Novice: 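I have a structure here, written as structure tokens, and I will follow up with some questions on it.
Given the structure is predicted, the values throughout are model-derived calculations rather than measurements. Here is the naming used below: chain letters follow the sequence lines, and residue numbers restart at 1 for every chain.
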There are 4 protein chains.
Amino acid sequence: MDFASDNTAGIAPAIRDALVAANSGFALGYGQDDLTRRLELGMSELFERDVAIFLVPTGTAANALALAHLCPPWGAVLCHAESHVVTDECGAPEFFGGGLRLVGLPGVGCKLVPATLRTAIARNSGHRPHQSNAAVVSLTQASEAGTIYQVDEIQALAEIAHGHGLAVHMDGARFGNALARLGVSPAQATWRAGVDALSFGATKGGALAVEAVVLFDPARADFMGERRKRAGHLFSKHRFLAAQFLAFLADGYWLKLANHANQMADRLADGLRAAGLPPVWPVEANLVFAKLPRATETRLKQAGATFYVRHSDSLPDGQIVGPDEMLVRLVTSFATHAPDVDRFVALLRA
Amino acid sequence: MDFASDNTAGIAPAIRDALVAANSGFALGYGQDDLTRRLELGMSELFERDVAIFLVPTGTAANALALAHLCPPWGAVLCHAESHVVTDECGAPEFFGGGLRLVGLPGVGCKLVPATLRTAIARNSGHRPHQSNAAVVSLTQASEAGTIYQVDEIQALAEIAHGHGLAVHMDGARFGNALARLGVSPAQATWRAGVDALSFGATKGGALAVEAVVLFDPARADFMGERRKRAGHLFSKHRFLAAQFLAFLADGYWLKLANHANQMADRLADGLRAAGLPPVWPVEANLVFAKLPRATETRLKQAGATFYVRHSDSLPDGQIVGPDEMLVRLVTSFATHAPDVDRFVALLRA
Amino acid sequence: MDFASDNTAGIAPAIRDALVAANSGFALGYGQDDLTRRLELGMSELFERDVAIFLVPTGTAANALALAHLCPPWGAVLCHAESHVVTDECGAPEFFGGGLRLVGLPGVGCKLVPATLRTAIARNSGHRPHQSNAAVVSLTQASEAGTIYQVDEIQALAEIAHGHGLAVHMDGARFGNALARLGVSPAQATWRAGVDALSFGATKGGALAVEAVVLFDPARADFMGERRKRAGHLFSKHRFLAAQFLAFLADGYWLKLANHANQMADRLADGLRAAGLPPVWPVEANLVFAKLPRATETRLKQAGATFYVRHSDSLPDGQIVGPDEMLVRLVTSFATHAPDVDRFVALLRA
Amino acid sequence: MDFASDNTAGIAPAIRDALVAANSGFALGYGQDDLTRRLELGMSELFERDVAIFLVPTGTAANALALAHLCPPWGAVLCHAESHVVTDECGAPEFFGGGLRLVGLPGVGCKLVPATLRTAIARNSGHRPHQSNAAVVSLTQASEAGTIYQVDEIQALAEIAHGHGLAVHMDGARFGNALARLGVSPAQATWRAGVDALSFGATKGGALAVEAVVLFDPARADFMGERRKRAGHLFSKHRFLAAQFLAFLADGYWLKLANHANQMADRLADGLRAAGLPPVWPVEANLVFAKLPRATETRLKQAGATFYVRHSDSLPDGQIVGPDEMLVRLVTSFATHAPDVDRFVALLRA
């Protein structure tokens with residue numbers, strides 16, 4: 001009953017096998033190998049346009065590199081106040097970005113809406129050179145609340161951003177989960193909707209450790225190689241990063257893995273609803289948040305369940321977490337077993 | 001005939017197997033897993049004292065984190081002018097260190113000697129607050145020239161450093177190769193000789209991608225966790241870093257791997273000497289540098305040999321690379337085949 | 001009728017004279033001169049304890065240096081969302097602080113209250129090493145809204161801060177204006193109330209350009225000299241910074257200047273109230289904010305009045321700026337003439 | 001007998017008077033005043049082309065801002081090993097430049113020569129993204145040894161730099177002293193010879209504290225305003241910076257002041273030569289370096305002379321500083337009195 005995170009799972013079988021298979025013979029380091037070249041081609045095919053990609057081992061590295069690349073040190077990144085870049089990266093974007101600023105914005109279910117973005121741009125523009133000016137908007141897809149942006153929602157936000165000269169970044173640590181639910185093409189969910197750079201995550205989705213910064217306009221990739229290198233993120237045995245991502249993408253494996261995780265979240269959500277404990281936000285990816293009685297915590301944990309209690313200011317209007325309640329985050333993954341989901345629900349109903 | 005680098009080899013078999021074996025069940029992320037705990041204990045045992053370790057995937061990350069931790073932004077790191085931190089990390093130490101300075105010093109065979117260090121400390125001390133003051137000395141073991149520091153040489157340099165308030169860092173990307181040759185204990189080669197922090201490399205030695213920053217005084221480890229996290233180097237599926245290093249260390253595997261690489265270098269050196277092309281520096285680890293006739297380059301490469309032509313200002317006194325010569329770097333690894341060595345030499349004698 | 005800022009005034013006469021007087025003979029540079037030594041003693045006397053001071057030419061430099069000194073790069077500074085460090089320093093604290101984070105908090109009249117601070121500390125603590133942890137609280141005295149913290153308010157906030165290990169910084173760009181109103185000693189308004197570091201401004205108060213970072217615990221001053229130097233803020237002809245501050249402090253000149261500015265603000269506030277346009281916040285220093293009819297803007301400016309229209313989310317409960325209104329900031333200074341104040345009010349009543 | 005530095009002098013009379021004269025009435029802050037506008041026009045006139053200027057109070061600030069603007073964080077600045085940016089700015093260029101690297105090069109009399117520059121560019125180019133690539137060459141005019149670059153020397157170096165894509169920065173803390181000696185126009189000595197950015201110093205030349213970063217291509221000025229602001233170097237009462245520089249430039253005042261300083265240096269040099277203690281480098285600006293008997297130090301200082309003993313690796317071929325000698329730096333300024341020079345020489349001859 002592991003619902004602590006999607007990073008508590010190991011490596012998905014086909015990716016593990018690909019790592020082993022890649023371990024044959026010598027290969028030039030630092031991305032000069034055949035697997036990397038194949039992946040570069042594969043990514044361009046996947047996104048239906050030439051893209052520039054930069055592999056790194058962690059989502060924090062991908063986000064921080066992408067934001068530092070898009071935003072000058074004197075600029076600001078507009079993002080949800082509870083987004084991963086704000087709450088869980090220990091200031092990596094600020095560090096990589098030479099002291100750029102993250103401006104955390106409100107929004108139900110950890111999603112930004114046009115009105116909020118418009119106001120934030122207005123407040124964080126002009127008054128030069130006194131004010132850090134908004135330069136980037138960063139959207140998390142799927143969001144930290146397990147919600148997803150519909151394509152038209154991305155389009156609307158991206159249009160506002162571009163209209164004011166801001167670039168659009170998407171933190172896609174759970175991009176697969178979002179896409180599996182959206183049922184659109186990777187292109188439709190990103191650059192066709194106005195996304196300039198994507199942190200394309202594979203780790204939470206089933207890889208050992210690999211994420212791709214995808215720049216949809218390769219002309220903007222200048223010196224990204226230097227950024228990655230001086231951050232210590234250029235792997236010498238780079239083929240093993242490429243091998244992971246190739247296996248992740250091959251034959252839609254990533255979407256199958258994500259789909260399983262999403263289904264397990266749905267099953268969990270159904271169970272919670274049936275138990276009178278409906279999720280606080282729509283369950284659209286592989287995260288389920290519910291208000292559970294505090295009294296259940298010990299029982300659940302003693303029974304072997306793992307999960308985190310969270311705080312959020314993004315609950316739907318009117319909702320609060322009562323003094324006897326706790327807001328619990330339950331994360332499913334490619335490795336989640338249905339019986340574990342059912343057992344967890346049963347424990348709650350007991 | 002791959003002599004381009006020790007990172008062109010793949011993963012050593014036992015490490016590959018350990019990665020696969022670690023892939024079972026769920027494990028808490030970010031180093032809260034059992035393998036990591038085992039490694040922490042194992043490292044303290046290996047070094048015969050409590051140490052604090054921080055795993056990262058690349059040598060550049062390990063060096064940059066260690067140097068940033070030991071040296072304030074207004075400080076200077078004294079190191080050899082041709083050390084990896086100066087020539088091959090794209091300014092990572094400066095980036096991680098908030099603009100610290102690397103002061104490159106001369107020295108035959110990429111090694112520092114006491115007189116040079118003493119002068120450099122004198123020149124880079126005092127005159128506060130106008131001058132970046134020397135705060136760290138960084139030694140590469142084995143060096144970029146394939147030479148190694150004897151224990152008493154480390155001691156002499158560390159004594160000078162400590163006597164002036166400098167910390168001692170060792171870039172041990174090839175620590176195993178050095179130790180295999182020295183035949184002393186890891187403790188003797190490091191903290192007992194005055195080393196404060198070690199970048200302990202496993203990647204070149206046979207891992208997929210893992211290095212440990214070892215702080216010999218755990219009391220100095222405060223906030224190193226934050227440094228690593230905000231550099232994007234804290235792995236979520238951390239168990240797979242720990243698994244690699246555990247397998248690397250188990251039963252002296254790392255020294256066996258290093259020993260093979262060293263022997264292949266010796267064999268290559270012998271062959272070159274026999275061919276009238278003696279190495280320019282003593283061959284003490286897994287790197288061999290020789291002056292080859294420029295005319296041989298095409299022939300060697302066409303026959304399938306890979307290697308890099310380098311420049312160095314650290315040749316032994318009086319040696320120069322003539323206009324018809326090239327200084328060639330030949331690197332062996334755990335994966336080097338003796339027949340490849342012999343074939344390379346044969347090609348040269350042809 | 002200049003109400004644009006307190007920096008549109010020139011140099012107060014006694015400070016101007018002191019600059020001229022200091023211009024005699026040779027003096028060692030970089031603060032090794034007699035005037036600097038006299039100021040250091042004078043500051044310790046003023047604050048009734050040994051303090052360490054560092055002179056710089058701008059308030060942004062003072063704030064950024066102080067915050068960078070108190071807060072690690074992976075830390076967070078809690079401050080009001082509309083404080084100068086957030087809105088008007090183009091990311092200087094983040095730049096000097098190696099990517100530290102400013103966390104903007106709400107509060108009526110640009111002041112923080114205990115409950116807000118407590119919640120913010122709770123939300124920005126723990127979860128290491130994933131989260132930028134609160135390390136400093138920064139209070140602006142007088143605030144950007146022209147309000148001031150009473151001594152017991154400072155004490156209450158400082159107690160909370162210290163209780164959680166945070167340091168307390170005071171942005172005192174208008175410290176003189178606050179003190180002139182409070183009628184307490186500099187010691188009572190700062191370290192006795194729990195302030196650890198003060199940006200003590202003289203520029204807005206009447207100097208050409210000088211501010212002092214005052215560290216109330218000199219033991220915490222280590223390497224502040226280096227920080228200042230490498231930020232380009234160590235003056236070679238340092239005596240001219242010291243001369244300004246000495247004249248500013250001599251015989252309570254600074255408080256007389258501040259008092260005049262405050263009285264002009266009071267006079268303006270009285271006039272506005274009489275005109276049915278009461279200030280939106282208590283007028284406690286030298287800033288007056290009022291909602292004026294938009295229709296008056298052209299008339300006022302054509303008559304020669306200068307001022308800025310501002311936006312604020314810190315209006316007292318229930319107040320809004322209507323569509324036909326504008327929130328106007330009117331700043332007085334040591335140089336403001338009473339007739340100008342009266343003329344401005346008369347224009348509004350016309 | 002003050003020969004410690006040219007910053008021990010105070011403010012030249014006309015500049016002092018201009019400061020006082022500027023202190024009348026109100027003026028918009030941050031460079032929106034009339035004096036600043038006049039200076040901007042004056043600078044373009046002086047340099048015979050449109051230039052963008054940014055005033056700051058110190059030479060360190062000017063250099064660090066200029067270098068950070070010209071060189072990316074992953075780039076390297078080639079400069080003399082004993083240049084001010086290397087030895088006396090406590091890492092300011094690295095700090096402002098986000099961790100850029102200074103590469104110190106040798107050269108007699110603190111001057112770079114083409115062969116050295118060519119080699120340095122070759123060694124610090126390519127090998128991307130592993131190596132910090134040379135992006136800027138910085139020349140000090142007059143140099144720290146008191147020598148100057150002839151126009152054709154600047155041209156030769158700039159041509160090499162531009163040919164390899166490097167920008168050319170000139171540290172002109174003593175630009176006036178150089179120009180007064182060269183007898184060419186400011187344009188000839190800078191952009192016409194290939195200089196892209198100049199740190200144009202006035203402080204050492206007679207101002208209280210002001211330097212201008214001059215960008216000869218205004219199109220390259222984007223965001224320099226932000227850089228200056230977030231470094232805390234944008235003055236609110238900016239008119240007083242402009243007033244200083246206007247007075248400095250008016251009627252060639254700066255060249256008259258510089259000429260006096262140069263003549264005092266010549267007089268000193270003549271005296272030293274006559275005393276059998278010839279300067280070690282050609283005396284071309286306002287610095288004189290000579291090897292004096294160590295035995296004279298106490299006597300000179302007791303007689304009231306101030307000066308610094310220096311070390312240099314840039315002595316002319318074959319010259320050494322003997323064990324009984326000291327290399328003394330003697331600096332003259334606009335304020336140096338001829339009788340002091342004569343007395344100093346007399347003391348030496350005694």
Novice: Please report the interatomic distance CZ(Arg174(C)) to OG(Ser333(C)), rounded to the nearest 0.5 Å.
Specialist: 10.5 Å
Novice: Does Arg37(C) CZ have over 12 foreign heavy atoms under 6.0 Å away?
Specialist: yes
Novice: Is Thr306(D) in contact with chain C via its backbone, its side chain, both, or neither, using a 4.5 Å heavy-atom distance?
Specialist: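 Looking at Thr306(D), nothing touches chain C.
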Novice: Hey, do the aromatic rings of Phe334(D) and Trp254(D) have their centres closer than 6.0 Å?
Specialist: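 For Phe334(D) and Trp254(D), the ring centres are not under 6.0 Å apart.
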Novice: Going by the angle between their ring planes, with limits at 30° and 60°, are Phe26(C) and His337(D) parallel, tilted or perpendicular?
Specialist: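 It falls in the perpendicular class, over 60°.
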Novice: Angle class for the Phe344(C)/Phe307(C) ring planes (parallel below 30°, perpendicular above 60°, tilted otherwise)?
Specialist: perpendicular
Novice: Identify which part of Ala335(D) has an atom lying under 4.5 Å from any heavy atom of chain C, answering side chain, backbone, both or neither.
Specialist: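 Both parts, heavy atoms under 4.5 Å.
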Novice: Under 3.5 Å, is there a donor-acceptor pair between the side chain of Thr87(C) and the main chain of Ser83(C)?
Specialist: yes
Novice: If you count heavy-atom pairs under 4.5 Å between each of Arg239(C), His238(C), His233(C) and chain D, which one has the most?
Specialist: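 Looking at each of Arg239(C), His238(C), His233(C) in turn, His233(C) comes out on top.
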Novice: For chain C, which of Thr60(D), Thr58(D), Leu28(D), Asn23(D) has the most heavy-atom pairs under 4.5 Å?
Specialist: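 Max contact count across the listed options: Asn23(D).
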Novice: Quick check for you: among Lys204(C), Gln32(C), Glu94(C), Glu89(C), which has the greatest number of heavy-atom pairs under 4.5 Å with chain D?
Specialist: Glu89(C)
Novice: For Ala207(D), which atoms come within 4.5 Å of any heavy atom of chain C: side chain, backbone, both, or neither?
Specialist: backbone
Novice: For Asp88(D), which atoms come within 4.5 Å of any heavy atom of chain C: side chain, backbone, both, or neither?
Specialist: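 Backbone only.
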Novice: Considering only heavy atoms, which portion of Ser5(C) lies under 4.5 Å from any heavy atom of chain D: side chain, backbone, both, or neither?
Specialist: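 Contact with chain D: none, neither part.
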Novice: Taking side chain as everything from C-beta outward and backbone as N, CA, C, O, which of these in Leu241(C) sits under 4.5 Å from a heavy atom of chain D? Side chain, backbone, both or neither.
Specialist: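 Neither; nothing under 4.5 Å.
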Novice: Between Phe3(D) and Tyr308(D) (judged by ring centroids, cut-off 6.0 Å), do the two rings come close enough to count as a pair?
Specialist: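 No, too far apart.
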Novice: Are the charged groups of Arg230(D) and Glu226(D) less than 4.0 angstrom apart, N to O?
Specialist: no
Novice: Measure Asp33(C) against the heavy atoms of chain D and call it side chain, backbone, both or neither at under 4.5 Å.
Specialist: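 No part of Asp33(C) comes within 4.5 Å of chain D.
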Novice: Look at Gly91(D), Ala209(D), Gly29(D), Pro93(D) and state which one has the largest set of heavy-atom pairs under 4.5 Å with chain C.
Specialist: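 When all of Gly91(D), Ala209(D), Gly29(D), Pro93(D) are compared, Gly91(D) has the most.
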Novice: For the interface with chain C, which of Cys90(D), Gly98(D), Ala61(D) has the highest count of heavy-atom pairs at distances below 4.5 Å?
Specialist: Cys90(D)
